[in-house]
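Report on one structure; see the data block that follows.
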Amino acid sequence: MPARPARDGGGRGGRQRRPAQPRERLLAAAMATIAENGLDRLTMAGLGRQVGMSSGHLLYYFKTKDELLLQTLQWSEEKLGAERRAALARQVPARERLDVLVDLYLPAGHRDPAWALWLEVWNRSQNADEEVRARQLELELAWHRDLVALVVEGTARGEFRPVDADRFATRTRALLDGFGTHLVVGLPGTDRARVLGHVRDFFDEALTPQGTR
């Protein structure tokens with residue numbers, strides 16, 4: 001469900017960025033470590049040394065590595081969500097915005113750090129409690145709600161044929177999750193251009209109004 005790590009847009013208009021809060025600084029450092037060295041190199045002790053914090057201070061924010069990984073994923077998704085909402089708010093055709101959503105959703109390629117983190121969090125959560133599962137579900141639903149709203153808008157404007165928007169969004173996310181997993185693990189014969197072609201074909205078949213094909 002997630003995509004590439006959120007890009008830092010930098011300051012604009014000469015405004016100074018507020019200093020990062022300790023938790024935000026920790027999460028940014030964790031994501032940077034994953035991007036540069038992979039998940040195997042991310043440890044609580046190593047993260048503490050990187051940001052100059054004691055293990056006790058780290059445990060104040062994250063009781064376990066599982067919690068650190070989940071909060072890092074939530075932080076990454078919050079930033080990506082802001083980018084997604086800005087893209088979906090543009091005054092362009094719904095199909096163009098749908099293509100942008102797909103571009104943001106899919107991994108950039110093999111070992112994409114945000115997707116690698118997502119896979120690790122989901123793998124570790126097999127025995128998680130209901131509170132953790134609810135937090136994970138909210139990450140999924142954020143994409144789902146935006147996709148449903150976009151399909152409803154495109155249908156109302158006559159750009160898309162009438163479909164059950166909720167059902168379409170569910171099927172689309174399953175399609176993207178499957179292809180995304182193939183991309184991030186580097187499945188032979190799978191590349192991003194080919195995946196995008198399959199997704200475009202699915203959208204053409206599912207959404208193109210009758211008589212305009």
Side-chain angles (χ1 to χ4, degrees), residues 1-9 12 70-109 112-115 117-119 121-122 125 128 130-184 190-213:
M1 65 152 273
R4 297 158 297 185
R7 295 185 290 272
D8 187 348
R12 286 191 175 185
L70 178 53
Q71 287 198 33
T72 303
L73 181 60
Q74 290 176 307
W75 175 83
S76 176
E77 283 291 302
E78 286 169 7
K79 291 188 172 297
L80 185 59
E83 186 176 356
R84 181 179 71 246
R85 289 188 294 272
L88 294 179
R90 295 173 56 211
Q91 298 301 308
V92 296
R95 177 56 188 271
E96 186 175 330
R97 283 176 282 155
L98 182 58
D99 290 340
V100 172
L101 184 146
V102 169
D103 186 60
L104 291 171
Y105 194 108
L106 288 172
D112 179 288
W115 264 79
L117 176 59
W118 178 76
L119 291 175
V121 168
W122 256 247
S125 70
E130 290 304 312
E131 187 268 340
V132 168
R133 290 185 179 279
R135 290 160 66 191
Q136 293 173 325
L137 177 61
E138 183 54 34
L139 299 179
E140 296 278 354
L141 291 179
W143 289 91
H144 186 86
R145 287 190 292 263
D146 283 348
L147 181 53
V148 168
L150 182 58
V151 172
V152 169
E153 179 189 342
T155 302
R157 291 172 178 265
E159 296 181 42
F160 300 151
R161 65 188 296 183
V163 296
D164 182 324
D166 186 75
R167 181 171 180 269
F168 176 84
T170 299
R171 295 174 65 200
T172 297
R173 289 191 302 109
L175 180 72
L176 297 178
D177 285 345
F179 277 131
T181 301
H182 291 178
L183 284 173
V184 76
T190 303
D191 58 59
R192 205 167 194 274
R194 187 172 300 179
V195 166
L196 289 171
H198 283 304
V199 175
R200 283 194 298 269
D201 288 346
F202 170 67
F203 288 163
D204 287 343
E205 294 166 4
L207 297 176
T208 302
Q210 295 290 341
T212 60
R213 295 188 184 183

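- Side-chain contact check for L150 versus L88: some heavy-atom pair is nearer than 4.5 Å.
- Closest of all the heavy-atom pairs between L106 and L176 is CD2-O, 3.7 Å.
- When all heavy atoms are compared, the tightest approach of Q136 to S125 is NE2-CB, 3.1 Å.
- Aromatic ring pairs are classed by plane angle as parallel below 30°, tilted from 30° to 60° and perpendicular above 60°; the pair F179 and H182 is perpendicular.
- Annotation: side chain of T72 is not in contact with side chain of V121 (no heavy-atom distance under 4.5 Å).
- Electrostatic pairing of R135 and E131 counts as a salt bridge here, judged by a charged N lying under 4.0 Å from a carboxylate O.
- Shown here is R145, whose CZ atom has more than 12 heavy atoms of other residues, nucleotides or ligands within 6.0 Å.
- Side chains of L147 and H144 form no contact here, defined as non-hydrogen atoms less than 4.5 Å apart.
- Partners of F168 by ring-ring contact (aromatic ring centres under 6.0 Å, His included), not counting sequence neighbours, listed by chain and number: F202, F203.
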Can you check side-chain hydrogen bond (donor to acceptor under 3.5 Å, both in side chains) on W143 and E77, steps first, answer last? CA-CA 10 Å; W143 289 91; E77 283 291 302; 2.8 Å; yes
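- Residues satisfying the side chain to side chain donor-acceptor pair (under 3.5 Å) test with R97, not counting sequence neighbours, are E153.
- Annotation: salt bridge (Lys or Arg N to Asp or Glu O under 4.0 Å) contacts of D99 (sequence neighbours excluded): R95.
- R192 places a side-chain N or O within 3.5 Å of a backbone atom of P107 that can act as its donor or acceptor partner.
- Across V148 and D166, no two heavy atoms sit closer than the pair CG2-CA, 3.9 Å.
- With S76 contributing its side chain and L73 its backbone, the two residues share no donor-acceptor pair below 3.5 Å.
- A donor-acceptor contact shorter than 3.5 Å links the side chain of T155 to the backbone of V151.
- Looking at heavy atoms from C-beta onward, T172 lies out of side-chain contact with L98 at the 4.5 angstrom threshold.
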